[in-house]
Undergrad: 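Shown below is the structure under consideration.
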Amino acid sequence: MSFQRLAIIGLGLQGGSIGLAVQEFLPKIATTGYDISPDFRARAAERGLVHTVCDTAVEAVRDADLVIFCVPPGVMGDAAAAVRDAIPANALVSDVGSSKQAVAKALGEALPDHLVIPAHPVAGTENSGPDAGFAHLFRNRWCIVTPPEHTDLLKLSALVEFWETLGANVEIMTAEHHDLVLAVTSHLPHLIAYTIVGTASDLEDVTQSEVIKYSAGGFRDFTRIAASDPTMWRDVFLSNKDAVLTMLQRFTEDLTALQRAIRVGDGDALFEHFARTRAIRRSIIEEGQDDSRPDFGRGDHDGTKGLSE
């Protein structure tokens with residue numbers, strides 16, 4: 001591994017998990033970390049998320065040869081600009097943001113003299129903060145790397161190797177394509193979950209206790225997704241708004257078609273649609289991105305259930 005000193009800015013779920021994974025799978029890399037929250041920094045030190053929790057971001061990045069920003073997309077540029085003069089000239093800069101075009105632009109403008117190769121580990125849970133991280137978060141999950149044109153191939157190869165060593169499967173694509181794909185597979189599902197849970201809580205003829213008491217598996221899954229970090233997801237939707245709006249329009253059209261099929265009693269159309277979506281679920285299981293074991297809320301203690309992104 002060509003990296004010797006890693007700096008992690010942001011010690012929540014993603015940053016904390018990277019720190020723990022590096023200590024387990026890349027123990028020769030020295031890790032420093034910083035979080036804007038004093039409480040997060042204190043808890044990160046207690047848990048040992050990194051070797052050294054620093055009091056300032058400047059201190060954390062000063063000697064790093066790899067810097068990973070694990071902060072919400074909306075503050076990515078500000079976080080990078082704050083340490084511009086402290087990051088070594090030969091250091092590689094990356095991130096874990098869920099939207100790539102806006103983040104790449106923000107990091108590029110904040111760090112015009114540094115090599116920036118954005119990345120997005122498609123792994124997460126509904127939990128956040130320094131207590132949420134665990135070393136195997138990235139195991140058998142995809143990490144999408146979106147290098148700029150004419151990037152340093154040696155540094156790109158080193159970043160790919162870094163994520164693969166942490167257990168991830170790496171895919172390289174353009175930032176534009178990433179944002180379109182993730183709008184379908186991640187961003188729109190989160191928006192739907194937030195909407196459904198919000199609608200249920202607003203219904204005047206169903207008390208809150210009934211919504212909680214009689215929640216079936218489907219609604220419980222939605223509440224898990226809707227419990228995700230509101231700051232991060234606000235920033236995701238705003239930073240990837242064009243792709244999200246495109247997918248939302250397509251979803252609205254498909255929803256209208258299903259609404260019509262129900263209204264006119266077109267059972268064949270409903271069955272065909274449900275059969276097609278069932279096959280997609282089976283394909284996800286075959287790809288190893290989930291398993292077919294029912295949990296019915298019981299959960300799994302190996303840290304692999306409840307993953308969402």
Side-chain angles (χ1 to χ4, degrees), residues 1-12 14-37 40-41 44-45 48-73 75-97 100 102-121 133 138 143-166 168 170 172 175:
M1 175 57 61
S2 58
F3 300 117
Q4 297 179 355
R5 298 174 301 278
L6 165 66
I8 302 171
I9 306 302
L11 295 172
Q14 293 283 340
S17 294
I18 292 173
L20 292 172
V22 166
Q23 291 179 69
E24 179 168 337
F25 300 113
L26 292 167
K28 293 183 179 181
I29 294 181
T31 56
T32 58
Y34 170 79
D35 196 283
I36 194 172
S37 166
F40 277 24
R41 293 200 300 271
L49 299 184
V50 291
H51 294 124
T52 305
V53 176
C54 300
D55 292 328
T56 67
V58 167
E59 179 186 356
V61 305
R62 185 171 287 128
D63 298 318
D65 51 18
L66 173 61
V67 179
I68 301 180
F69 288 94
C70 304
V71 299
V75 298
M76 196 75 71
D78 291 339
V83 295
R84 177 190 298 122
D85 297 331
I87 300 177
N90 63 343
L92 172 62
V93 176
S94 191
D95 74 300
V96 297
K100 293 272 67 86
V103 166
K105 183 174 184 293
L107 289 177
E109 291 176 349
L111 303 170
D113 299 322
H114 289 84
L115 174 60
V116 177
I117 303 181
H120 175 206
F138 312 108
C143 180
I144 301 174
V145 179
T146 60
E149 292 185 1
H150 312 299
T151 196
D152 185 321
L153 295 182
L154 289 177
K155 289 291 182 69
L156 173 60
S157 177
L159 185 63
V160 168
E161 181 186 1
F162 172 83
W163 280 109
E164 288 178 341
T165 306
L166 299 192
V170 177
I172 296 176

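Here the structure is a predicted model, which means the values were calculated and not measured.
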Undergrad: Which atom names give the shortest non-hydrogen contact between R41 and I36, and what distance separates them?
TA: NH1-O, 3.6 Å

Undergrad: Determine whether E164 and C143 make a side-chain contact, defined as any pair of heavy atoms from C-beta on separated by less than 4.5 Å.
TA: no

Undergrad: Using modelled atom types only, decide if a donor and an acceptor are shared between the side chain of T165 and the backbone of E161 within a distance under 3.5 Å.
TA: yes

Undergrad: Once rounded to the nearest 0.5 Å, what's the spacing between atom CG of D35 and atom CG of L49?
TA: 10.0 Å

Undergrad: Looking only at non-hydrogen atoms, find the nearest pair between V58 and A82 and report the distance.
TA: CG2-O, 3.9 Å

Undergrad: I need the minimum non-hydrogen distance between I8 and C70, along with the two atoms involved.
TA: CG2-SG, 3.9 Å

Undergrad: Can you pull out every salt bridge (Lys or Arg N to Asp or Glu O under 4.0 Å) where at least one residue sits in residues 105-121? Sequence neighbours excluded, please.
TA: K105-E109

Undergrad: So, does T32 use its side chain to make a donor-acceptor pair with the main chain of A60 at under 3.5 Å?
TA: yes

Undergrad: If you measure from CD1 on I18 to CD on Q23, what distance do you get to the nearest 0.5 Å?
TA: 12.5 Å

Undergrad: Would you check, one step at a time, whether the test side chain to side chain contact (heavy atoms under 4.5 Å, CB included) holds for V22 with F3?
TA: CA-CA 11 Å; V22 166; F3 300 117; over 6 Å; no

Undergrad: From D152 CG over to L92 CG, what is the distance, rounded to the nearest 0.5 angstrom?
TA: 8.5 Å

Undergrad: So which atom in A64 and which in P88 form the shortest heavy-atom distance, rounded to 0.1 Å?
TA: O-CG, 3.2 Å

Undergrad: Whether the side chain of H114 engages the backbone of V93 through a donor-acceptor N/O pair (distance < 3.5 Å, no angle test) should be reported.
TA: no

Undergrad: Which atom pair, heavy atoms only, marks the closest approach of V61 to A7?
TA: CA-CB, 3.9 Å

Undergrad: CG/L26 to CG/L6 distance, rounded to the nearest 0.5 angstrom?
TA: 9.5 Å

Undergrad: Drop me the distance from W163's CH2 to H120's NE2, to the nearest 0.5 angstrom.
TA: 9.5 Å

Undergrad: Roughly how far apart are I68 CD1 and F162 CZ, rounded to 0.5 Å?
TA: 4.0 Å

Undergrad: Which pair of non-hydrogen atoms, one from P118 and one from D95, has the smallest distance, and what is that distance?
TA: CA-OD1, 3.1 Å

